[in-house]
Amino acid sequence: MASRFNALKADAAWQKVWDERKTFAADDLSTKPRSYVLEMFPYPSGRIHMGHVRNYTMGDVLARFRRMKGMEVLHPMGWDAFGMPAENAAMEKGVHPGTWTRANIATMKAQLKRLGFALDWTRELATCEPDYYGHEQALFLDLFAAGLVYRKESAVNWDPVDMTVLANEQVIDGRGWRSGALVERRKLSQWFLKITDFADELVDGLGALEHWPDKVKLMQENWIGRSQGLQFKFLLSSPLPGREGPGVGRPEADAAVPREQPTPNPSLPGMGIESVEVFTTRPDTMFGSSFVAVAADHPIARAIAETNPDAAAFIELCKRGGTTAAELDTQEKLGFDTGLRAVHPLDKAWELPVYIANFVLMEYGTGAVFGVPAHDQRDLDFARKYDLPVKRVVSEGDDEAPVFVGDTAWTGAGTIVNSHFLDGMDIEDAKRVVIERAEGEGWGKGTTVFRLRDWGVSRQRYWGTPIPIIHCDACGAVPVPKDQLPIVLPEDVSFDIPGNPLDRHPTWKHVPCPSCGGDARRETDTLDTFVDSSWYFIRFASQPDAKPFDRTGAEKWLPVNQYIGGVEHAILHLLYARFWTRALKHIGMLDIAEPFAGLFTQGMVTHETYWTMEQSKPASESLDDFLEAQVHTRRWLSPDDIDKRDGKVFLRGTTDEVTVGRVEKMSKSKKNTVDPEPIVDQYGADAVRWFVLSDSPPERDLPWSESGIEGAWRFVQRLWRLIESDDAAKAEGEDIALRKLCHRTTIGIESDINALQFNKAVARLYSLCTAIEKAPPSADRDEAVRTLLLLVSPMVPHVAEEAWATAGNDGLIADAAWPIVDPAMLVDDEVTIAVQVNGKLRDTLVFPKGAPKDAVEAAALASEKIVRLLEGKPPRKVIVVPDRLVNIVV
RNA sequence: GCGGACGUGGCGAAACCGGUAGACGCAGGAGACUUAAAAUCUCCCUCCCUAGGAGUGCGGGUUCGAGUCCCGCCGUCCGCACCA
């Protein structure tokens with residue numbers, strides 16, 4: 001009796017039992033209600049970290065809970081196994097990326113197993129194996145056949161360190177997301193997936209995702225960036241001799257003076273450029289325009305640059321401009337007047353100067369804009385610099401003066417003024433009227449423009465899915481016949497020089513053309529690893545050998561009921577997976593529109609940081625170097641390098657005090673990581689699981705602490721003591737209060753787990769545990785112990801299983817049913833009623849539930865404390881909220 | 001700059017539809033058991049001038065009553081970023 005729970009022994013024993021009995025293998029043929037619980041699969045980087053532990057524990061609790069509630073649960077695990085770290089390891093250590101990756105998978109799988117996750121390992125997959133990526137190649141060919149894949153010569157983001165192309169999404173502040181190197185622009189022939197075909201659907205589909213965080217939906221919406229507006233053409237003319245920019249700006253543009261058709265621009269001979277097309281979301285401000293601006297790489301700009309060296313020089317200047325946030329912030333708006341004039345479509349006599357401007361983006365809209373300085377800050381800055389007219393066309397209500405003064409553009413609501421037939425309308429009406437007119441007169445049309453670009457999937461890398469295409473000089477890009485799949489990566493490659501080993505492999509790429517049989521070359525680019533993670537959840541649901549998935553089999557499980565992962569995937573991975581699923585639906589392979597019905601993004605695991613100040617040695621004896629060395633730098637210390645004594649923190653084994661820094665995300669650079677494995681060794685899987693579920697709400701960051709894990713360990717031991725001590729005594733008698741508490745706790749935990757609010761469930765379990773400990777022996781107490789065991793079992797399954805067996809139950813607690821809640825047990829017959837005077841609590845009264853209002857009021861007024869407070873004054877008003885409170889107003 | 005979230009004890013946090021602020025845990029304190037320690041158990045633990053008063057970032061407002069709703073600030077964090 002009173003033995004300790006031996007976690008190390010029990011963990012291994014029960015994990016073995018679950019494994020052998022395939023307890024958590026999902027049955028495709030089950031007739032039970034189904035639930036698909038999925039956590040984002042890990043990249044096999046080497047070892048699991050606390051973030052993984054938290055992520056998978058949350059999913060595990062949900063999966064185990066739903067099993068106990070009688071559902072057939074699919075809870076699989078696999079490996080997002082392609083990617084650059086494997087190639088980096090190959091370069092650094094001379095080990096093949098496959099060898100490195102598979103070794104990491106073995107290590108991490110063992111680590112995951114030690115945490116006792118209820119995973120269906122029979123469905124394990126790794127994206128780097130041909131039996132996965134071969135099917136991905138087949139899907140790529142299906143999308144290719146459906147016209148959703150195309151090849152385009154395009155400027156790409158080239159990472160000069162990783163020697164590869166990055167998606168726009170992988171460029172952060174002009175730098176590669178992994179290497180941090182400044183990204184260069186390069187022209188390459190690339191494969192693209194037509195995600196923009198689905199842009200509308202991908203925005204509209206968000207509306208149906210009720211169980212997604214609003215934040216993520218908003219981020220996706222902003223990323224897709226749908227804007228509605230007017231796309232229209234300005235006819236171009238050159239300035240007429242003797243006229244000084246005729247009617248430019250027309251601050252008092254009144255009656256439209258008819259004028260002959262503009263003459264073609266003599267400065268663009270034979271270019272066929274007679275108009276410039278612009279896009280605007282504010283057609284209502286057409287009469288406020290004072291210039292047109294095109295991007296530096298716009299065809300008009302390029303055409304002008306051919307004959308005008310000043311223009312060419314300006315374009316060069318624009319290209320040199322940085323693209324980082326800070327640079328953009330401080331960069332001045334610059335323009336080059338081309339001398340061209342654009343004819344205002346609503347007033348043919350009105351011409352606007354055409355500039356090349358550094359703030360116009362070729363990639364968005366048409367690469368050209370018209371400027372309305374009064375109602376766009378950027379345009380205003382530009383107009384002030386080049387002294388262009390600033391005409392007010394939206395009145396803020398109190399000022400209708402035609403000329404706009406000040407340096408802050410008005411972008412809010414208002415009434416249209418100084419705009420002829422638009423005067424007096426609100427913004428939305430004016431937009432509609434202008435679009436209707438443009439469409440009626442044929443010079444423009446209402447359009448939707450997206451920020452989203454097509455998805456470039458080509459990577460000049462070895463460790464990825466080979467793109468199943470063969471290039472033939474005679475036939476062009478020819479898809480590999482499906483019976484030749486998978487296209488397997490060659491094993492004999494070297495990584496001693498940068499670049500793509502597939503490209504310089506002596507034989508791999510030389511193949512006959514599947515179409516004409518002539519000499520041809522294999523595509524040596526591989527697919528972006530985000531393709532791999534765009535359909536793995538389908539393969540988990542159904543994995544036949546002969547095809548990527550079986551449609552009916554997959555549809556039985558999909559969509560994923562609950563997907564859990566880091567918020568860092570809120571845009572890229574989730575958008576691509578949504579697109580891929582819709583693309584499969586589009587080509588008739590799967591009738592699922594949205595892959596993830598429920599999404600939860602969990603917070604990070606954080607830890608205190610520790611540092612000392614360090615002074616570097618001067619590099620030389622020069623004064624500069626000496627001063628340089630005076631600058632102290634922070635030296636970060638690992639939690640293993642410090643001791644905590646008397647509320648102070650010291651460098652381990654010394655009396656040197658250490659500074660405690662901010663609590664931050666665990667990272668190698670700050671040295672504040674905690675490896676889960678030694679913690680599991682010391683405290684057991686249950687304590688670690690309990691800790692990561694406790695205290696912090698799961699969407700928020702979780703600060704790791706030594707004392708926290710010890711607290712969790714104490715709770716596991718406390719549970720064990722409680723259960724063991726109960727084992728001997730089979731008591732009799734009732735304890736209605738305790739019985740009620742069990743039912744209340746059970747229903748509370750159900751709702752907590754369904755809402756993924758594990759911290760609240762943990763608090764309830766502590767309370768129930770304390771209540772049972774304090775309760776005298778009774779039959780109800782014995783039952784309560786059994787209930788507690790069931791309720792904690794999804795969270796701390798090992799101690800629960802051990803106790804379940806010790807108590808002589810048949811079967812596994814993992815297979816046991818969740819306790820049934822009796823609604824009658826949830827009803828209280830007594831309530832505590834608060835008595836307030838002027839809203840301040842003064843007393844409490846205990847009443848039978850549902851006591852009549854006047855009885856409660858009378859009792860409250862008769863209360864000793866209240867009588868003393870009122871000093872005989874009659875209350876002005878008494879508010880009685882049944883079963884809650886009485887408020888006496890004096 | 002745009003968009004969003006958040007702000008409650010020493011700390012992580014609870015608080016349902018506006019109705020007893022601080023449940024639960026960590027840290028800390030006092031005591032019990034013990035030769036002693038560990039473990040365990042019991043109690044205390046927002047602040048103050050302790051009759052009582054103040055208190056959920058700050059200032060207003062609505063209400064019988066505000067952590068919760070409204071207006072205006074301040075601060076922290078996240079996403080996007082010259083997006084027309």
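Chain identifiers are assigned alphabetically (A, B, ...) following the order of the sequence lines, protein sequences preceding nucleic acid strands; residue numbering begins at 1 within each chain.
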(request) Could you measure between the two C1' atoms, the one in A23(B) and the one in G9(B), and give it in whole Å? (result) 14 Å

(message) If we count only N and O atoms by modelled type, under 3.5 Å, do the side chains of Arg700(A) and Gln602(A) hold a donor and an acceptor together?
(response) no

(request) State plainly whether the residues Arg384(A) and Asp379(A) are in salt-bridge range, i.e. N to O under 4.0 Å. (result) no

(message) Counting the atoms with a prime plus P, OP1 and OP2 as sugar-phosphate, which does Asp376(A) contact under 4.0 Å by heavy atoms, base, sugar-phosphate, or nothing?
(response) nothing

(message) Heavy-atom nearest nucleotide on RNA chain B for Ala368(A) versus Lys840(A): which residue maps closer to 5'?
(response) Lys840(A)

(request) Answer yes if the side chains of Thr609(A) and Asn672(A) hold a donor-acceptor pair under 3.5 Å, and no otherwise. (result) no

(message) Using the P atom as the point on both nucleotides, what is the distance between G7(B) and G57(B), in whole Å?
(response) 8 Å

(request) Would you classify Val567(A) as touching base, sugar-phosphate or nothing, given that sugar-phosphate means primed atoms plus P, OP1 and OP2, and contacts are heavy atoms under 4.0 Å? (result) nothing

(request) Could you tell me whether Lys233(A) and Glu277(A) make a salt bridge, using a distance below 4.0 angstrom between a side-chain N and a carboxylate O? (result) no

(message) Side chains of Asp381(A) and Gln377(A) only: does a donor on one sit below 3.5 Å from an acceptor on the other?
(response) yes

(request) Starting from P on A84(B), measure out to CD1 on Ile356(A) and report it in whole angstrom. (result) 22 Å

(message) From the set A23(B), G25(B), A13(B), return the single nucleotide nearest to any side-chain atom of Arg700(A).
(response) A13(B)

(request) Between C48(B) and U42(B), how far apart are the P atoms? Round to whole Å, please. (result) 28 Å

(request) Kindly label the base of G79(B) as syn or anti, based on whether its glycosidic torsion lies within 90° of 0. (result) anti

(message) Syn if the chi torsion is within 90° of 0, anti otherwise; quick check, which is C44(B)?
(response) anti

(request) Would you kindly compare Arg842(A) and Glu699(A) by the position of their nearest RNA chain B nucleotide and give the one closer to the 5′ end? (result) Glu699(A)

(request) If the glycosidic angle is within 90 degrees of 0 it's syn, otherwise anti, so just tell me which one U46(B) is. (result) anti

(message) What I want to check is whether an N or O donor and acceptor connect the side chain of Lys760(A) with the base of C24(B) at under 3.5 Å.
(response) no

(message) What is the separation between atom CD on Gln602(A) and atom P on C78(B), rounded to the nearest whole Å?
(response) 17 Å

(request) Identify whether the distance between the nearest side-chain nitrogen and carboxylate oxygen of Lys385(A) and Glu332(A) falls below 4.0 Å. (result) yes

(message) If the cut-off is 4.0 Å, is Arg378(A) near the phosphate of C83(B), judged by side-chain N/O to OP1 or OP2?
(response) yes

(message) Under 3.5 Å for both donor-acceptor distances, Watson-Crick or wobble: does C77(B) have a partner, and if so which one?
(response) G4(B)

(message) Rounding to an integer number of angstrom, what distance separates A51(B) and C33(B) when you compare their C1' atoms?
(response) 40 Å

(request) Write down the distance separating the C1' atoms in U8(B) and C24(B), rounded off to the nearest Å. (result) 15 Å

(request) Let me know the distance between CG of Leu702(A) and P of C11(B), rounded to the nearest Å. (result) 17 Å

(message) What contact category does Leu361(A) fall into here, base, sugar-phosphate, or nothing, at under 4.0 angstrom with non-hydrogen atoms?
(response) base

(message) For Trp223(A), does the six-membered ring have the charged nitrogen or CZ of Arg451(A) within the cation-pi criterion, i.e. under 6.0 angstrom from the centroid and within 45° of the normal?
(response) yes

(message) Please tell me if Arg282(A) has a side-chain N or O lying less than 4.0 Å from either OP1 or OP2 of C83(B).
(response) no

(request) Provide, to the nearest angstrom, the distance between the NZ atom belonging to Lys215(A) and the P atom belonging to G79(B). (result) 8 Å

(request) Once you apply the 3.5 Å cut-off to both distances, tell me the Watson-Crick or G-U wobble partner of G55(B), or none. (result) none

(request) Please measure how far the P atom in G79(B) lies from the corresponding atom in C73(B), and state the result in whole Å. (result) 25 Å

(message) In whole Å, measure the gap between the P atoms of U34(B) and C45(B) for me.
(response) 28 Å

(message) Just the rounded figure in Å: distance from P of A38(B) to CZ of Arg721(A).
(response) 16 Å

(request) Would you indicate, yes or no, if C64(B) has its OP1 or OP2 atom less than 4.0 angstrom from a side-chain nitrogen or oxygen of Arg884(A)? (result) no

(request) Return the value, rounded to whole Å, for the distance between atom CE of Met795(A) and atom C1' of G25(B). (result) 14 Å

(message) Going by purine N1 to pyrimidine N3 plus the second Watson-Crick contact, or the G-U wobble pair, all under 3.5 Å, which nucleotide sits opposite U40(B)?
(response) A32(B)

(request) Assign Ser696(A) to base, sugar-phosphate, or nothing according to its heavy-atom contacts below 4.0 angstrom with the strands shown. (result) sugar-phosphate

(message) Mind checking if Arg876(A) touches a base, just sugar-phosphate, or nothing, with heavy atoms under 4.0 Å?
(response) nothing

(request) Quickly work out the Leu719(A) CG to G25(B) P distance and round it to whole Å. (result) 13 Å

(message) I want to check one thing: is the phosphate of A84(B), taken as OP1 and OP2, less than 4.0 Å away from some side-chain N or O of Tyr364(A)?
(response) yes

(message) Heavy atoms from C-beta onward define the side chain here; which of A54(B), C83(B), C64(B) lies closest to that of Lys877(A)?
(response) C64(B)

(request) Please report, rounded to the nearest Å, how far the P atom of G19(B) is from the CG atom of Asp843(A). (result) 21 Å

(message) Would you say Asn759(A) places a side-chain N or O within less than 4.0 Å of OP1 or OP2 belonging to C24(B)?
(response) no

(request) Quote, to the nearest angstrom, the C1' distance that separates G65(B) from U20(B). (result) 12 Å

(request) For the pair Glu773(A) and Arg718(A), find out whether any cationic side-chain nitrogen is under 4.0 Å from an anionic carboxylate oxygen. (result) yes

(request) Under a 3.5 Å limit for both distances, which nucleotide forms a Watson-Crick or G-U wobble pair with A66(B), could you say? (result) none

(message) If the cut-off is 4.0 Å, is Ser227(A) near the phosphate of A84(B), judged by side-chain N/O to OP1 or OP2?
(response) yes

(request) Once you apply the 3.5 Å cut-off to both distances, tell me the Watson-Crick or G-U wobble partner of G12(B), or none. (result) C24(B)

